[in-house]
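The structure under discussion appears below in the form of structure tokens.
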Amino acid sequence: MVKKWDLILAGGGLANGLIALRLLQRQPGLKILMLEGGSQPGGNHTWSFHQHDLTPEQHEWIAPLVAHRWAGYDVQFPQFSRTLDGGYLTVTSERFAAIVSALPGLHLQTNAEISALTPEQVTLAGGEVHTARAVLDGRGYQPSPHLQAGFQSFLGQEWQLARPHGLTRPILMDATVDQLEGYRFVYTLPLTEDRVLIEDTHYIDSAALDPDAARSRIADYAASKGMALKALLREEQGNLPITLAGAPQAFWLERKGQPCSGMRAGLFHPTTGYSLPLAVALADRLAAQPLPDPAALSALIRQFALRQWQRQRFFRLLNRMLFLAGPPARRWQVMQRFYRLDDGLIARFYAGHPTLTDMARILTGKPPVPVGEALRAVLKHTPRLRAY
């Protein structure tokens, strides 16, 4: 049996969920099918972002998704600690699933295993076929020979504590911990006065984090901070790509005209791997006009993504310094120096919009890694990928 829709969203992750939300806010007459391979949209994730990552209008329309917000955050390094003002917000998969599942006009099909996909048709493993004016593939990051990346690999655990933890704001980076094979920090979100999310996070050359070792490190860290772990509520694990270099035109030729969204379209912050701000921006872009045919939709998203790639060139340069310059155990020095800079610069950096003055300020002064190593890291991909 063939079923016809205006739009099929292959995958119910962050990007496609935001697209569904925004499209149905702006164009409520659309008939949208979301095919999610898991038991609920959003899976098992936590997405966080800074207040200045989004415009006031964008904050307004995603507000229902926000489960937690704080007025600032802390960072801690071996030689320096700091509290930064400015909002920090979190979307939980639980809240995300509740909002997306209830969207009027969205037909959600979970545990839907996709066996074949084209720009206008999706076939499920059981033989069920759905067609649409367009199919948008948002099934997560897909490695590509045209994208060179390191990874921010993490394992996070949400714990119910036996007593209050005493934190009033998140600790985005505690890099006072042992660095091990690369830049490592612990990320802590105080969700309630006695419930906390703790993530053991590593910037490493390949996505290979030992989960048992990470669990042990989280337990040791909690004990060192006086947190009495009582009950493990949930656990999440991820590998966020950190872009070093690439060939964007070849990346999009590899897509063969298939419209893509989110991580599958390469739309993420190149230094943090976070994808929410660009997913919000793409959702706004798609909802601002009538839904195009697959070729026009693919071209629109490709143009959007290539524009972001050009804007992110400076970040890729910094990433090569972080991953490729100096010994891995000393990579924390790059981030420690960064967090000594002006708070406005830091906000613009995370929003993906540093000014030319910001870029100059980040690169000047006493280098956090040896100059020779930094130059070799910056130029490592240049002969072959000079434009990227």
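Just so you know, these numbers use all the heavy atoms, side chains as well, and skip hydrogens, waters and symmetry mates.
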Please test Ile62 against Val280 for side chain to side chain contact (heavy atoms under 4.5 Å, CB included), starting from the C-alpha separation and ending with a verdict. CA-CA 8 Å; Ile62 73 157; Val280 168; 4.1 Å; yes
Walk me through whether Arg133 and Glu120 qualify under salt bridge (Lys or Arg N to Asp or Glu O under 4.0 Å). CA-CA 6 Å; Arg133 288 162 54 192; Glu120 296 178 300; over 6 Å; no
Checking Leu291 against Leu7 for the side chain to side chain contact (heavy atoms under 4.5 Å, CB included) test, could you report, in this order, the C-alpha distance in whole Å, the side-chain angles of both residues, the deciding distance, and whether it holds? CA-CA 8 Å; Leu291 189 65; Leu7 177 67; 3.8 Å; yes
As a quick check of understanding, evaluate side chain to side chain contact (heavy atoms under 4.5 Å, CB included) for Leu9 and Leu33, giving each step before the final call. CA-CA 6 Å; Leu9 298 171; Leu33 172 65; over 6 Å; no
Working note: Ser144 + Glu254, criterion side-chain hydrogen bond (donor to acceptor under 3.5 Å, both in side chains); need CA distance, chi angles, decisive distance, verdict. CA-CA 9 Å; Ser144 167; Glu254 185 183 26; 2.7 Å; yes
Walk me through whether Arg302 and Arg307 qualify under side chain to side chain contact (heavy atoms under 4.5 Å, CB included). CA-CA 9 Å; Arg302 175 178 174 275; Arg307 187 163 57 248; over 6 Å; no
Derivation of the side-chain hydrogen bond (donor to acceptor under 3.5 Å, both in side chains) call for Gln336 and Gln79: CA-CA 8 Å; Gln336 176 177 267; Gln79 301 167 355; 3.1 Å; yes
Step by step, would you call Phe315 with Phe349 a ring-ring contact (aromatic ring centres under 6.0 Å, His included)? CA-CA 9 Å; Phe315 295 92; Phe349 179 89; 4.9 Å; yes
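Remark: the backbone N or O of Arg311 is not paired with any side-chain donor or acceptor of Gln308 at under 3.5 angstrom. Remark: side-chain polar atoms of Gln27 are not paired, donor with acceptor, to backbone N or O of Gly29 under 3.5 angstrom. With Gln258 contributing its side chain and Val135 its backbone, the two residues share a donor-acceptor pair below 3.5 Å. A donor-acceptor contact shorter than 3.5 Å links the side chain of Ser101 to the backbone of Ala97. Looking at His269, its side chain never comes within 3.5 Å of a backbone N or O of Ala351 through a donor-acceptor pair. At least one donor-acceptor pair closer than 3.5 Å links the side chain of Thr272 to the backbone N or O of Tyr274. The closest donor-acceptor contact from the side chain of Gln76 to the backbone of Ser81 lies at 3.5 Å or more, if one exists at all. Under a 3.5 Å cut-off, the side chain of Arg320 and the backbone N or O of Thr243 do not form any donor-acceptor pair. Checked by atom type and distance alone, the side chain of Ser115 pairs as donor or acceptor with a backbone atom of Thr123 at under 3.5 Å. Using modelled atom types, one side-chain atom of Gln160 and one backbone atom of Asp194 make a donor-acceptor pair closer than 3.5 Å.
Using cut-offs of 30° and 60° on the angle between ring planes, the pair Phe268 and Tyr141 is perpendicular. Using a 30° and 60° split on the angle between ring planes, Trp47 and Phe96 fall in the tilted class, from 30° to 60°.
Across every non-hydrogen atom of Asp284 and Arg22, the tightest pair is OD1-NE, 2.8 Å. Nearest heavy-atom pair, Ala10 versus Leu117, reported as atom, atom and distance to 0.1 Å: CB-CD1, 3.5 Å. Ala265 and Ala305 make their closest contact through O-CB, 4.0 Å (heavy atoms, listed as atom of the first residue, atom of the second, distance). For the residue pair His45 and Arg234, the shortest heavy atom distance occurs at O-NH2, 4.2 Å. Here the closest non-hydrogen pair linking Thr168 and Trp70 is O-CD1, 3.8 Å. In terms of heavy atoms, Gln51 sits closest to His59 at O-NE2, 2.7 Å.
Taking OG1 from Thr92 and CG from Asn44, the interatomic distance works out to 10.5 Å, rounded to the nearest 0.5 Å. Atom CG of residue Asp178 and atom CZ of residue Arg217 lie 9.5 Å apart, to the nearest 0.5 angstrom. Atom CZ in Arg169 sits 10.0 Å away from atom CG in Leu84 (nearest 0.5 Å). Put simply, CG on Leu297 and CD on Gln289 are 8.5 Å apart, with the number rounded to the nearest 0.5 Å. Distance check, rounded to the nearest 0.5 Å: CE of Met173 to CZ of Arg82 gives 13.0 Å. Rounding to the nearest 0.5 Å places CE of Met335 at 5.5 Å from CZ of Phe77.
Side chains of Val122 and Thr131 form no contact here, defined as non-hydrogen atoms less than 4.5 Å apart. With a 4.5 Å cut-off on side-chain heavy atoms, Pro170 and Pro190 count as touching. Considering only heavy atoms from C-beta on, Glu199 comes within 4.5 Å of Glu236 through its side chain.
Remark: the Ser48 side chain and the Thr90 side chain contain an N/O donor-acceptor pair separated by less than 3.5 Å. Side-chain atoms of Asp174 and Tyr221 form a donor-acceptor pair, as typed in the model, at a separation below 3.5 Å. Arg348 and Thr357 form no side-chain donor-acceptor contact under 3.5 Å, judged by distance and modelled atom types alone.
Checked against a 6.0 Å centroid threshold, the rings of His146 and Trp252 do not count as neighbours. Ring-centre distance between Trp309 and Phe251: not below the 6.0 Å cut-off. Remark: aromatic rings of Tyr187 and Phe185 are distant, center separation not under 6.0 Å. Two rings, from Tyr88 and His50, have their centers less than 6.0 Å apart.
Between Asp358 and Arg361 there is no salt bridge, since no side-chain N of the basic residue sits under 4.0 Å from a carboxylate O of the acidic one. A salt bridge is absent between Asp6 and Lys31; no separation between the charged side-chain nitrogens and carboxylate oxygens falls under 4.0 Å. Remark: Arg215 does not engage Asp200 in a salt bridge, criterion side-chain N to carboxylate O under 4.0 Å.
Both tests hold for Arg340 against Phe80: distance to the six-membered ring centre under 6.0 Å, angle to the ring axis within 45°.
In summary, of the residues considered (Leu209, Thr271, Asn239, Leu240), a side-chain contact (heavy atoms from CB on, under 4.5 Å) with Gln152 occurs for Leu240 alone. Paired with Val100 under the rule side-chain contact (heavy atoms from CB on, under 4.5 Å), one option of Leu106, Leu21, Asn16, Leu14 passes, and it is Leu106.
In the hydrophobic clustering of ILVMFWY residues, with side-chain heavy atoms under 4.5 Å counting as a link, Leu155 and Leu180 come out apart. Taken together through direct or relayed side-chain contacts under 4.5 Å among Ile, Leu, Val, Met, Phe, Trp and Tyr, Trp159 and Leu233 form parts of separate hydrophobic clusters. Under a hydrophobic-cluster definition in which Ile, Leu, Val, Met, Phe, Trp and Tyr are linked whenever side-chain heavy atoms come within less than 4.5 Å, directly or via other members, Leu341 and Leu172 are assigned to the same cluster.
Within 6.0 Å of the CD atom in Glu94, the count of heavy atoms belonging to other residues, nucleotides or ligands does not exceed 12. The number of heavy-atom neighbours closer than 6.0 Å to NE2 of His52, taken from other residues, nucleotides and ligands shown, is 12 or below.
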